[in-house]
Protein chains: 2
Amino acid sequence: MEQPQELAQIIRMHRKAARLSRVQLAELAGVGKTVVFDIEMGKESVKLDTLRKILKVLNIKIIWKSPLMENLQNSENEKS
Amino acid sequence: MEQPQELAQIIRMHRKAARLSRVQLAELAGVGKTVVFDIEMGKESVKLDTLRKILKVLNIKIIWKSPLMENLQNSENEKS
DNA sequence: AATGATTTACTGCTAAAGCAGTAATATGAA
DNA sequence: TTCATATTACTGCTTTAGCAGTAAATCATT
């Protein structure tokens, strides 16, 4: 089974799983309903803090991943 | 050693590692220099697509993590 | 079918993101 | 020191995100 990569699909999927309507989600997140609609429609020009409010309700975390940071993690537990 | 969690610090750290000035990073990302300054100053009200342009230059990926998605991943490779 | 909730799709309006330009400092190397 | 680059910190200005309100359309349940 394919894992959704698009933010829009991820949001929608979590909202459905939480059995929330878009209006309900917007209210819980403390944002306008329009943004929730827009994001699920694939709009990428959302403000990060607004997005974070929505993600918080849905229990989604943002992980910043890069080769550089993975190298740091690897070097934390070296073997002799 | 502590891993930076703040977006601002992550950006700065990667920019330094790439030996780029803020203006250079802004130019490479195709955004104004002001945004790069603002982000590194901790501003959270950035547009997602603007942020993505910067992250792309620095080779940083965004991972959306949640218990729900981890369950899906686990159920992909079941053991008999 | 009928009722209610949800979704989609508009509308102006306001607040703010993003921009280039400028300038003052800070930093750093020759 | 001197010269160049980088950083910080301001400007207005334009674009647009986000908002509530409204209404039509779709969906679901009885």
Side-chain angles (χ1 to χ4, degrees), chain A residues 1-69 72, chain B residues 1-69 72:
Chain A
M1 187 219 176
E2 197 56 43
Q3 200 88 345
Q5 297 301 330
E6 290 265 359
L7 176 60
Q9 296 170 18
I10 293 175
I11 299 276
R12 164 176 279 132
M13 167 189 162
H14 282 76
R15 179 177 60 80
K16 297 269 189 188
R19 298 197 155 275
L20 293 173
S21 76
R22 291 177 173 172
V23 177
Q24 286 175 324
L25 174 56
E27 285 169 352
L28 284 174
V31 302
K33 64 180 174 13
T34 315
V35 215
V36 180
F37 283 81
D38 288 346
I39 293 177
E40 286 197 9
M41 291 293 284
K43 187 179 182 182
E44 281 283 309
S45 53
V46 215
K47 282 198 285 177
L48 180 61
D49 55 351
T50 304
L51 178 60
R52 274 200 210 268
K53 291 179 190 170
I54 296 172
L55 294 180
K56 190 170 188 178
V57 173
L58 298 176
N59 200 19
I60 304 174
K61 273 196 174 182
I62 303 179
I63 307 291
W64 313 102
K65 188 178 178 183
S66 78
L68 180 55
M69 298 189 73
L72 283 185
Chain B
M1 189 220 176
E2 197 57 43
Q3 198 88 346
Q5 297 302 330
E6 290 266 0
L7 175 61
Q9 296 169 19
I10 293 175
I11 299 276
R12 165 176 276 129
M13 168 189 161
H14 282 76
R15 179 177 61 80
K16 296 271 190 185
R19 300 198 153 275
L20 294 173
S21 74
R22 292 177 173 171
V23 177
Q24 286 175 323
L25 175 55
E27 285 170 352
L28 284 174
V31 301
K33 66 181 172 10
T34 316
V35 215
V36 179
F37 282 81
D38 289 346
I39 293 177
E40 287 197 8
M41 290 294 283
K43 186 179 182 181
E44 281 284 307
S45 53
V46 215
K47 283 199 283 178
L48 180 61
D49 55 352
T50 303
L51 178 60
R52 275 200 209 268
K53 292 179 190 168
I54 296 173
L55 294 181
K56 190 170 188 177
V57 174
L58 298 177
N59 200 19
I60 304 175
K61 274 196 173 183
I62 303 180
I63 307 289
W64 314 101
K65 188 178 178 184
S66 78
L68 179 56
M69 300 189 72
L72 284 184

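By convention in this document, chain letters (A, B, ...) are assigned in the order of the sequence lines, proteins followed by strands, and residues within each chain are numbered from 1.
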Chemist: To the nearest Å, how far apart are A/Lys16 NZ and C/dT6 C1'?
Modeler: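 In whole Å, C/dT6 C1' and A/Lys16 NZ are 9 Å from each other.
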Chemist: Nucleotides 21-28 of chain D: which of its N/O atoms have a protein N/O under 3.5 Å away?
Modeler:
unit_1 : atom_1 : unit_2  : atom_2 : d
D/dG21 : N7     : A/Lys33 : NZ     : 3.3
D/dG21 : O6     : A/Lys33 : NZ     : 3.0

Chemist: Whole Å only: how far is the CG atom of B/Asp49 from the P atom of C/dA17?
Modeler: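 Rounded to the whole Å, the gap is 14 Å.
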Chemist: Measure the distance from CG on A/Asp38 to P on C/dC10 and round it to the nearest whole Å.
Modeler: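 Atom-to-atom, A/Asp38 to C/dC10, this comes out as 12 Å.
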Chemist: Considering only C/dT7, D/dT7, C/dC19, which nucleotide approaches the side chain of B/Ser21 most closely?
Modeler: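 Given the options C/dT7, D/dT7, C/dC19, the side chain of B/Ser21 is closest to D/dT7.
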Chemist: C/dA9 P sits how many Å from A/Ile39 CD1, rounded?
Modeler: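 Answer to the nearest Å: 16 Å.
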Chemist: Would you mind reporting whether B/Ile11 and B/Leu55 have side-chain heavy atoms less than 4.5 Å apart?
Modeler: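 Heavy-atom side-chain distance check passes, below 4.5 Å.
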Chemist: Could you state the atom-to-atom distance from CZ of B/Arg19 to C1' of C/dG28 in whole Å?
Modeler: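 Going from B/Arg19 (CZ) to C/dG28 (C1'), I get 13 Å.
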Chemist: With sequence neighbours left out, write down each residue that passes side-chain contact (heavy atoms from CB on, under 4.5 Å) with A/Thr34, or none if nothing qualifies.
Modeler: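 Partners of A/Thr34 under the side-chain contact (heavy atoms from CB on, under 4.5 Å) test: A/Asp38.
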Chemist: Does A/Ser66 reach the side chain of B/Leu58, with side-chain heavy atoms less than 4.5 Å apart?
Modeler: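 Answer no - side chains too far apart.
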Chemist: To the nearest angstrom, how far is A/Leu25 atom CG from C/dT7 atom C1'?
Modeler: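 Taking atom C1' of C/dT7 as the reference, CG of A/Leu25 is at 14 Å.
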Chemist: Rounded to whole Å, how long is the line connecting atom CG of A/Leu48 with atom P of D/dG18?
Modeler: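 Taking atom P of D/dG18 as the reference, CG of A/Leu48 is at 10 Å.
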Chemist: Can you spot which of A/Lys16, A/Lys33, A/Arg15 makes a salt bridge (charged side-chain N to carboxylate O under 4.0 Å, His left out) with A/Glu40?
Modeler: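 Checked A/Lys16, A/Lys33, A/Arg15 against A/Glu40; only one passes salt bridge (charged side-chain N to carboxylate O under 4.0 Å, His left out): A/Arg15.
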Chemist: Taking 4.0 Å as the cut-off, does a side-chain nitrogen or oxygen of B/Arg15 come that near to OP1 or OP2 on D/dA6?
Modeler: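 It does not, given that no N or O in the side chain of B/Arg15 lies less than 4.0 Å from OP1 or OP2 of D/dA6.
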Chemist: Is there a side-chain contact between B/His14 and A/Met69 (heavy atoms, below 4.5 Å)?
Modeler: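 When only atoms from C-beta onward are counted, A/Met69 and B/His14 do touch, with a gap below 4.5 Å.
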Chemist: Relative to the 5' end of DNA chain D, which residue comes earlier, B/Met41 or B/Gln24, by the nucleotide with the nearest heavy atom?
Modeler: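 Looking at the nearest nucleotide for each, B/Gln24 comes out on the 5' side.
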Chemist: Between A/Arg12 and B/Lys47, name the one whose nearest nucleotide on DNA chain C is closer to the 5' end.
Modeler: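 The answer here is A/Arg12.
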Chemist: Any non-hydrogen side-chain atom of B/Thr50 less than 4.5 Å from a side-chain atom of B/Ile39?
Modeler: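 When only atoms from C-beta onward are counted, B/Ile39 and B/Thr50 do not touch, as no gap falls below 4.5 Å.
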Chemist: For the residue pair B/Ile54 and B/Val46, establish whether any side-chain heavy-atom pair is separated by less than 4.5 Å.
Modeler: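 They are not in contact (no side-chain heavy atoms under 4.5 Å apart), so the answer is no.
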Chemist: To the nearest angstrom, how far is A/Glu27 atom CD from D/dG18 atom C1'?
Modeler: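 That distance rounds to 16 Å.
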